[in-house]
Amino acid sequence: MSNNLIPVTNFLARLSNAALWLAGGGLILMTVFVAWQVFCRYVLNDSPSWTEPGSVMLMSWFIFLGAAVGIRENNHLGFDVLLYVLPKSGKRVLRMISDVVILAFGAGMIWYGGALMSLTWNTTLPSLGISGAFDYLPLAGGGVLAVIFSLERIVLRLAGEPIDDVLDEILPAEIAVEIENINADPNANLKV
């Protein structure tokens with residue numbers, strides 16, 4: 001890896017780990033909120049009003065943070081069937097297109113999340129007593145991380161870093177067997 005990219009990549013790895021820890025903490029905290037809600041409702045007969053909207057807001061945070069980490073780790077959703085039969089250069093092009101689409105989607109999250117935040121800035125969430133903009137902050141924050149992490153993948157790929165080599169070695173067992181059979185007998189599909 002280029003010496004110029006190492007500090008940035010290390011910083012982004014720490015940012016990704018922090019986002020993952022925050023997402024995990026949010027999941028645990030949301031579970032505590034929901035458990036408290038159930039306890040208060042069924043044992044104390046007095047439900048606090050803040051637990052449900054607080055849980056939903058935490059859920060938004062850990063979903064968007066976790067999705068951004070998935071982008072950096074290349075564990076995001078994808079339709080990889082075509083990648084199993086393409087040569088390495090074709091895989092690289094499709095993965096680059098995927099990262100550009102993710103970058104554009106993240107930019108849309110920032111744009112529309114910011115617009116929703118500005119529309120709801122002067123409203124107050126009655127149960128939490130905070131600005132309504134906080135409902136959409138996870139959307140914009142997740143978009144920022146999605147843009148950063150997809151941009152990192154694009155820059156590393158353009159710099160010639162072998163970020164896709166590990167992915168090219170991973171094949172589901174059934175596909176690997178079929179490819180092995182085809183390579184062993186190229187005329188196997190032609191037999192009647």
Evaluate whether atom CH2 of W50 has more than 12 neighbouring non-hydrogen atoms of other residues, nucleotides or ligands under 6.0 angstrom away. yes
Close side-chain approach of V147 and I110, heavy atoms under 4.5 Å: yes
Side-chain heavy atoms nearer than 4.5 Å, only ILVMFWY residues, links allowed to pass through others: does that put W111 and F64 together? no
Counting C-beta onward and ignoring hydrogens, is there a side-chain heavy-atom pair between L128 and P53 closer than 4.5 Å? yes
Is any side-chain heavy atom of S55 closer than 4.5 Å to one of Q37? no
Taking it one step at a time, do F134 and M117 satisfy side-chain contact (heavy atoms from CB on, under 4.5 Å)? CA-CA 7 Å; F134 285 99; M117 286 172 57; over 6 Å; no
If you define the side chain from C-beta out and look only at heavy atoms, does anything of L15 sit under 4.5 Å from L145? yes
Would you indicate whether the side-chain heavy atoms of F149 and E73 approach each other to under 4.5 Å? no
Does the pair D99 and L151 meet the rule for a side-chain contact (heavy atoms from CB on, under 4.5 Å), with working shown? CA-CA 8 Å; D99 287 334; L151 191 59; over 6 Å; no
If you measure from OH on Y136 to CG on L119, what distance do you get to the nearest 0.5 Å? 9.0 Å
Does E152 reach the side chain of V8, with side-chain heavy atoms less than 4.5 Å apart? no
Of all heavy-atom pairs between A146 and A68, which one has the smallest distance, and what is that distance? N-CB, 4.1 Å
Does any part of the side chain of T51, heavy atoms only, come nearer than 4.5 Å to the side chain of V34, both counted from C-beta? no
Once rounded to the nearest 0.5 Å, what's the spacing between atom CG of L65 and atom CG of L20? 9.0 Å
When the ring centroid of F33 is compared with that of W36, is the distance short of 6.0 Å? no
Using 0.5 Å steps for rounding, measure from the CZ atom of R153 to the CD1 atom of I102. 7.5 Å
Minimum heavy-atom distance R72-S16, with the two atoms named: CD-CB, 3.6 Å
Out of L125, I130, T120, which one pairs with D135 under the side chain to side chain contact (heavy atoms under 4.5 Å, CB included) rule? L125
Path from I71 to V69 over hydrophobic side-chain contacts below 4.5 Å: no
If only atom types and distance count, is the side chain of S98 paired as donor or acceptor with the main-chain N or O of L94 below 3.5 Å? no
